[in-house]
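Have a look at the structure below, then the notes.
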Amino acid sequence: MRLSEYLFQTHREPQGEAELISHQLLLRAGLVRQVASGIFAYLPIGQRVKRRIEDIVREEMDAIGGQEVSLPVVQPAELWRESGRWQQIGSEMARLKDRNDRDLCLAMTHEELVTSLVRDVIRSYRQLPCLLYQVQTKFRDEPRPRGGLIRVREFTMKDGYSFHADADDLDAWYDRVYEAYANIFRRCGLDAVAVRSDPGMMGGSDAHEFMELSPSGEDTILSCETCGYRANRQVARCRKTPPAREDQLPLEEIHTPGTATIDDLARFMDIPKTKTAKALFMVATMADEQGAAVDEQAAVEKTVVDRFVFAVLRGDMELSETKLANAVGALQLRPATPEEIRAVGAEPGFGSPLGIDRSRTLLVVDDLIPSCFNLVAGANRVDYHVANVNYGRDYEADLVTDIAAAGDGSACPSCGSALRADQGIEVGNIFKLGDKYSKAMDTGYLDRENVSRPIVMGCYGIGIDRLIASIVERHHDEHGICWPVSVAPFQVILVDLSGGDPHVSDVAAAVYDDLAEVGLEVLYDDRDDRAGVKFNDADLMGIPVRLTVGGRGVKKGVVELKVRRSGEMIDVPLGDGLAEAVKKVLTTCL
RNA sequence: CGGGGUGUAGCGCAGUCCGGUCAGCGCACCUGCUUUGGGAGCAGGGGGUCGGGGGUUCAAAUCCCCCCACCCCGACCA
């Protein structure tokens with residue numbers, strides 16, 4: 001490709017609104033332009049990178065037996081009503097109507113569509129297992145897009161779905177996909193690690209996220225260097241050491257003016273935070289099974305109900321909202337308002353599980369609490385607490401389970417060493433969905449005995465756009481991007497420094513032809529510009545190998561080769577061996 | 001959705017407090033000449049309903065009201 005004919009634009013100056021280095025470089029090197037919040041257009045050079053990554057993904061998915069499909073982005077509401085997600089998902093799903101007033105939506109994921117497809121096509125166990133995937137646009141109306149391509153609203157995703165006769169077969173394929181993912185990220189020049197994650201709105205049991213560690217990441221990963229345990233902070237477990245046994249003392253109300261926080265309380269009473277109980281008030285939005293029976297018409301539109309949730313943790317621990325939401329089966333969880341808190345008989349800042357209206361409250365207690373003795377809890381009365389509260393003697397919960405968040409320094413759940421917290425970008429994820437969608441959407445197969453069984457499913461995603469951003473975050477220097485050869489938009493940039501000397505420019509053109517002939521992808525900078533402009537653009541765009549054809553070299557019968565990443569320079573003789581020499585260099589760089 | 005901020009040429013900005021040659025600067029772009037191995041120089045040139053609408057005024061980029069967009073922090077996040 002001749003640069004003089006290529007639609008591209010580099011920017012000398014930083015672009016104002018971009019804060020992340022990847023965002024800044026993608027804009028400056030002219031790969032993308034922002035169209036609206038969280039919506040980007042790819043220019044030709046950006047599209048080339050995107051295509052290369054997609055092709056790597058395709059190769060690896062095909063290698064484990066994946067079959068590519070293409071599913072629509074605009075989908076009828078009926079499918080989403082079948083799975084229940086039309087009602088469950090909020091405003092992050094973009095909805096529209098067609099000219100006949102039928103409800104449609106823009107797909108934010110494709111479980112419903114692919115399940116319906118399989119329902120229509122798969123009849124027999126002989127057709128299983130089956131792994132389908134696509135590289136397709138998704139739209140999620142994120143509340144707050146940010147960080148350039150890290151978190152966008154319209155994006156390209158490789159999403160894959162596998163279908164199995166039973167859970168064992170899913171497990172086996174899950175591991176195959178896991179390996180394929182490791183290959184994909186490695187080939188893209190990333191060091192993504194797999195961590196245990198929250199299945200979230202996808203439902204299902206086992207789930208992993210592939211995280212590229214980066215300070216620009218939005219997720220926090222807790223990892224144990226001793227035993228290798230790794231998990232997203234949302235679901236990470238930690239070892240909780242129960243305190244020494246004590247005799248249970250009688251309850252005692254105490255005056256504690258102005259101690260609405262645990263810190264204040266511990267200071268006021270001169271006790272460690274581990275001797276206090278923390279109360280948190282949330283409102284959970286849950287599926288309402290009863291509501292569905294009341295009115296068929298209303299049931300379609302309104303099948304959720306709010307429930308007040310009272311959570312109790314030891315004072316030194318923090319609540320994991322994800323764990324709590326999963327424990328109570330909440331679709332959404334939000335902090336309760338002071339009015340809602342008082343309505344159940346509690347008092348903000350002085351909340352206690354004792355004496356509240358239990359008929360309107362779901363009381364969830366962290367599993368460490370029953371092993372704690374004589375805690376100081378609120379009195380549900382401003383400026384008062386109650387001392388010597390003991391679980392079992394004084395109150396019992398609706399649910400006792402792990403709802404505490406692990407953090408930096410928490411004890412590893414498997415070996416007890418200190419966990420370390422890192423930021424990471426989620427570049428991919430894999431879920432065992434089980435039969436959630438196949439049951440909801442009545443998708444089964446006939447087994448050997450002619451018995452109908454629900455299909456067992458897995459699903460597997462890779463965010464292509466944030467993968468690009470992650471690669472740039474990892475592979476750049478002060479001059480610009482340093483693309484790994486595997487994903488570079490071109491392998492070679494050929495810089496013509498003839499300065500109007502026809503002999504030299506003829507040599508450059510000949511070199512270009514030679515390189516093209518051996519199948520190299522070459523960007524030929526034939527622009528009428530000065531050397532500095534060309535070199536700086538080449539560095540900014542990050543093409544792995546730069547060849548410079550100038551009067552100086554041509555006199556000596558060489559072109560100068562520069563490796564972008566290392567800065568290493570070598571003279572390569574002009575002639576038949578040149579193209580092969582360049583190829584050889586390319587195989588040795590990343 | 002709460003808090004903060006920004007909208008002036010393709011990009012980056014000044015001008016806004018204090019209405020009146022304020023439609024300006026740098027980069028980019030076009031023409032010509034010179035230059036030519038790390039973002040050249042000179043000369044000339046094109047391009048903007050100053051985010052939108054309403055209002056105040058003899059006069060609004062500038063003051064007032066409403067709306068919109070975008071960014072950052074938080075909430076949220078298959």
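So that the names make sense, note that chain A is the first sequence line, chain B the second, and so on, each numbered from 1. Source: prediction; values computed, not measured.
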Q. Would A:Arg233 and A:Glu318 count as a salt bridge (charged side-chain N to carboxylate O under 4.0 Å, His left out) if you check the C-alpha gap in whole Å, the side-chain angles of each, and the deciding distance to 0.1 Å?
A. CA-CA 12 Å; A:Arg233 180 176 142 88; A:Glu318 281 183 42; 3.7 Å; yes

Q | Near-ring test A:Tyr178/A:His208, centroid separation under 6.0 angstrom | A | yes

Work out how far the [atom1] atom of [N] is from that of [M], and round it to whole angstrom.
N     : M     : atom1 : result
B:C66 : B:G2  : P     : 15 Å
B:C42 : B:A60 : C1'   : 39 Å
B:A14 : B:U62 : C1'   : 14 Å
B:U57 : B:G19 : C1'   : 9 Å

**Q.** Residue pairs passing the side chain to side chain donor-acceptor pair (under 3.5 Å) test where at least one lies in residues 459-470 of chain A, sequence neighbours excluded
**A.** A:Tyr42-A:Asp465, A:Ser162-A:Tyr460

Q | Electrostatic pair A:Asp477-A:Arg564, nearest N-O below 4.0 angstrom | A | yes

Of all the nucleotides listed ([options]), which has the minimum atom distance to the side chain of [X]?
X        : options             : result
A:Lys562 : B:A75, B:C70, B:G38 : B:G38
A:Asp539 : B:G39, B:G37, B:G38 : B:G38
A:Glu13  : B:G39, B:C27, B:G74 : B:C27

**Q.** Cationic tip of A:Lys138 above A:Phe155 ring, under 6.0 Å, 45° of axis
**A.** no

Q: Decide yes or no, distance alone: a donor-acceptor N/O pair under 3.5 angstrom between the base of B:G37 and the side-chain of A:Glu560.
A: yes

Select base, sugar-phosphate, or nothing to describe what [X] touches, counting heavy atoms under 4.0 Å on all strands.
X        : answer
A:Ala18  : nothing
A:Gly147 : sugar-phosphate
A:Gln332 : nothing
A:Arg33  : sugar-phosphate
A:Arg334 : nothing

Q | Pairs meeting criterion ring-ring contact (aromatic ring centres under 6.0 Å, His included) with involvement of residues 490-511 of chain A, two or more places apart | A | A:Tyr6-A:Phe490

Q. How does each nucleotide of nucleotides 40-48 of chain B score, in 5' to 3' order, for protein heavy atoms under 4.0 Å: base (B), sugar-phosphate only (S), or none (-)?
A. B--------

